[in-house]
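Input: a single structure, listed below in structure tokens.
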Amino acid sequence: MPVNGFPENPFALSPDHVAMLEAIRVALLDPSPRRIGMLDQWGLADTFEVQAEIADYREFPIVMSDGTRIDAGLSMPRGLAPGQTCPAIVMPAPLNDFGRLAYFGTIPRWTLGGYAVLTYSQRGLARSEGEIQVAGPQDVADGVEILNWLDALEGVDEDRIGCFGASYGAGTSLLLAAEDSRVKAVAGASAWGDLFTSLFENGTRHIKAFEALVALFHEERCSAEFQEIIKKIRDNVIDDEVKEFARLRSPMQHLKTYNDRKLPVLMTTYWHETIFSVPAVVDLFTELRGPKSLLVQIGDHGNGEMPGLFGAISKPTEMTYRWMDHHLGGRAGDGAEPQYGIRSEYMHNLLSDLTHPDWAGYALPMQRFHLGAVPAGQQDAPMAQGRPQAGWTRSVQAAGPDTGVVVAPKLIKTGLTERVGLPHVYKTADIKRDVAAVWTTAPLEQPMRVQGDLEARVTVKPQTKNATFIAYLLDCDPATGRAAIITHAPYTLTDQQAATVTFRLQPAHYVLAKGRQLQLIIDSYDPFFADDDTVPSALEITSPEDNESYIDIPLAPLP
């Protein structure tokens, strides 16, 4: 059913994946030759035959202190000698209607590595009772009770427990690790660092991602507290209650705990992540003082780890196996040491694999490009290094959806096509210049790379008190006018007649061919964001003396 105009579920699994998960569940519960043989169509029969030989799997509810039944599954190694113990991995579910079943493809790897594996669906999710709390204090308290249950099992080593999760499970894992010192290592794929920044960036609501998440939670299963927050965000009431709700669910608030314990933390994210804030993940990673690793990949939320969750190979899951083996003493990985620091791919080369010790060593120095005036007889303005350009004014009309440029035509799925080298094509020549202002560099004289943080400064004057604008940086081919997006950021002015604003764009790692042009586009509408524009109205962009407009880009020649 459509939800506020967003009918598509970007997180939906394919029918084949659904059938595979259900068949795996049946085979785990009844590892008969017939049931396991059903997995042969996915090439998994041999894998789960071995799983059945070396581990016992069962499903059950774990009853919380308030009587709520949390749906869980446990794979336990067979044949442990009296007094022998094994490491354990706890996996809170990602956000989907199948809950913990999404991790079924990983269970054989963990089992072969000698781990006890406990998967569970958080309160209100999938088959678990209760109301959705969105990784809140109640979910963390549930996690502690689940650790108590696991800790009481004979054969589990209480000093070798780790947490791994994807998306919703990543946030739950990070928050549980902060609360309970029995968690000795944590890994989060498609993680978040600060929930408020993910919901509300530069004063702008991420409404399309928010509505997609709410639809997946199912509002009727959400707690009264969460339903009130949903209403406030839809009504643009971003008050202290909303901020506190997000703060309690943000791993960043536990930074001191992570650092005091030197907790090993692995996180993964994406250059074009549209669900959670990438700068907030980078900020959390940068401030951690214990063993840490950050993987940044091509694409969008969940794109990279999905094959690994279904039992194939993926960088996020392979890094997680190594991470847990090193810190917990298991054997699920390939025996290699974990990689610390930054590991990244660059757009749009799926085979790229770069490493750096930290973000400071990773990010290139920023090069300042000043935004100029439109030359006589032309429709676009230059952006160039050198002297600041003051004294010009450009007007952008607020005209609703007809702008020609968006962050991503589809949540999640646009990122999937990027991962196979097919980025969305923007035809910048077709963009109406009355609803968008465009600045373009001269063609590049050699191949270049954008790598690290970006920042822009503009002076804006709306005709109304509230106004939203979005800045996009594109890679444009001047011969065809076809372009691909490098990065973006929104900004919303509230109760201001004019202001000079400096804001971060999403970080980027992008390689530009010789002859390409960097193109900055500013418009007033993107369906990804909730805008505060009045139609019709206009937004003036200016560059006053001593406050000239610019964009800082981490740019250097390609080695």
Side-chain angles (χ1 to χ4, degrees), residues 24-25 27-32 36 44 46-63 70-93 100 103-120 142-165 169 173 176-177 179-187 261-266 290-291 308 311 317-338:
I24 289 174
R25 180 171 183 264
L28 283 168
L29 291 170
D30 175 17
S32 63
I36 290 179
L44 296 174
D46 291 345
T47 297
F48 281 89
E49 184 176 12
V50 173
Q51 162 73 25
E53 290 173 355
I54 64 177
D56 175 64
Y57 176 81
R58 58 193 176 97
E59 295 182 345
F60 45 84
I62 300 178
V63 182
I70 300 297
D71 180 51
L74 175 70
S75 174
M76 194 72 188
R78 298 182 189 274
L80 290 176
Q84 183 182 1
T85 60
C86 64
I89 191 75
V90 178
M91 296 194 287
R100 61 180 181 80
Y103 296 133
F104 274 173
T106 70
I107 290 178
R109 283 287 296 272
W110 293 117
T111 299
L112 285 168
Y115 290 84
V117 187
L118 178 66
T119 61
Y120 73 93
D142 290 345
V144 171
E145 290 196 56
I146 289 167
L147 289 177
N148 292 340
W149 184 93
L150 180 66
D151 200 8
L153 288 180
E154 184 178 354
V156 171
D157 188 340
E158 65 176 9
D159 293 322
R160 292 194 292 160
I161 297 175
C163 277
F164 166 66
S173 294
L176 177 57
E179 179 68 22
D180 198 311
S181 61
R182 288 174 294 186
V183 179
K184 297 301 191 290
V186 64
R261 287 172 46 200
K262 298 294 189 290
L263 179 72
V265 177
L266 164 66
T317 50
E318 294 303 313
M319 289 178 68
T320 296
Y321 296 135
R322 290 180 184 178
W323 193 255
M324 296 303 177
D325 286 354
H326 182 79
H327 296 290
L328 303 179
R331 306 176 308 279
D334 57 8
E337 290 292 305

Value rounded to 0.5 Å, distance of CG in L150 from CD1 in I62 = 8.0 Å
ask   = Taking the six-membered ring for Trp, are W149 and F60 ring centroids under 6.0 Å apart?
value = yes
request  = Check whether any side-chain heavy atom of L74 sits under 4.5 Å from a side-chain heavy atom of V117, and report yes or no.
outcome  = no
query = Heavy-atom distance under 4.5 Å between the side chains of L44 and I24, does that happen here?
reply = yes
query = Which heavy atom in C163 sits nearest to a heavy atom in M324, and how many Å separate them?
reply = O-CE, 3.2 Å
query = Between R331 and D325, does a salt bridge (charged side-chain N to carboxylate O under 4.0 Å, His left out) hold up when you go through it step by step?
reply = CA-CA 6 Å; R331 306 176 308 279; D325 286 354; over 6 Å; no
ask   = Does the distance from a Lys or Arg side-chain N to an Asp or Glu carboxylate O, for R109 and E318, drop under 4.0 Å?
value = yes
key: Sidechain-backbone polar pair: Y321 side chain, G335 backbone, donor-acceptor under 3.5 Å   = no
task = Apply the test side chain to side chain contact (heavy atoms under 4.5 Å, CB included) to residues T85 and L80: give CA-CA distance (whole Å), side-chain angles for both, the deciding distance (0.1 Å), then the verdict.
result = CA-CA 7 Å; T85 60; L80 290 176; over 6 Å; no
request  = Please work out which of the three classes, parallel, tilted or perpendicular, describes the rings of Y57 and F104, given edges at 30° and 60°.
outcome  = perpendicular
ask   = Looking at CD of E59 and CG of L29, how far apart are the two atoms once the value is rounded to the nearest 0.5 Å?
value = 4.5 Å
task = Could you grab the distance from atom CD1 of I146 to atom CG of D180, nearest 0.5 Å is fine?
result = 11.5 Å
message = Could you check, using the six-membered ring where one of them is a Trp, whether F164 and W323 have ring centers closer than 6.0 angstrom?
response = no
query = Looking only at heavy atoms, which two atoms of N148 and R182 are closest? And how far apart?
reply = OD1-NH2, 2.7 Å
key: Gap separating the NZ atom of K184 from the NZ atom of K262, nearest 0.5 angstrom   = 15.5 Å
request  = Determine, for R322 against D334, whether the closest basic-nitrogen to carboxylate-oxygen distance falls under 4.0 angstrom.
outcome  = yes
ask   = Just wondering, do R261 and S181 contact through their side chains at under 4.5 Å, heavy atoms?
value = yes
remark   = Residues V186 and A177: closest non-hydrogen pair is CB-CB, 4.1 Å
remark   = Minimal heavy-atom distance between T106 and G308, with the atoms involved, is CG2-O, 3.6 Å
query = Is there side-chain contact between L118 and M91, with heavy atoms separated by less than 4.5 Å?
reply = no
task = Supply the atom-to-atom distance Q51 CD to S75 OG, rounded to the nearest 0.5 angstrom.
result = 4.0 Å
query = Could you give the distance from CD1 (I89) to OG1 (T320), rounded to the nearest 0.5 Å?
reply = 8.0 Å
inquiry  = Counting C-beta onward and ignoring hydrogens, is there a side-chain heavy-atom pair between P31 and F48 closer than 4.5 Å?
reply    = no
message = Closer than 4.0 angstrom, basic N to acidic O: yes or no for R78 and E53?
response = no
query = Of all heavy-atom pairs between E158 and D151, which one has the smallest distance, and what is that distance?
reply = CB-OD1, 2.9 Å
query = Would a distance-only check, ignoring hydrogens and angles, find a side-chain to backbone donor-acceptor pair under 3.5 Å from R100 to A93?
reply = no
Exercise: identify the closest heavy-atom pair between M76 and V156 = CE-CG2, 3.8 Å
inquiry  = Strictly distance-based, threshold 3.5 Å: is any side-chain N or O of D157 a donor or acceptor partner for the main-chain N or O of C86?
reply    = no
task = Could you tell me whether D30 atom CG has more than 12 heavy atoms of other residues or ligands within 6.0 Å of it?
result = yes
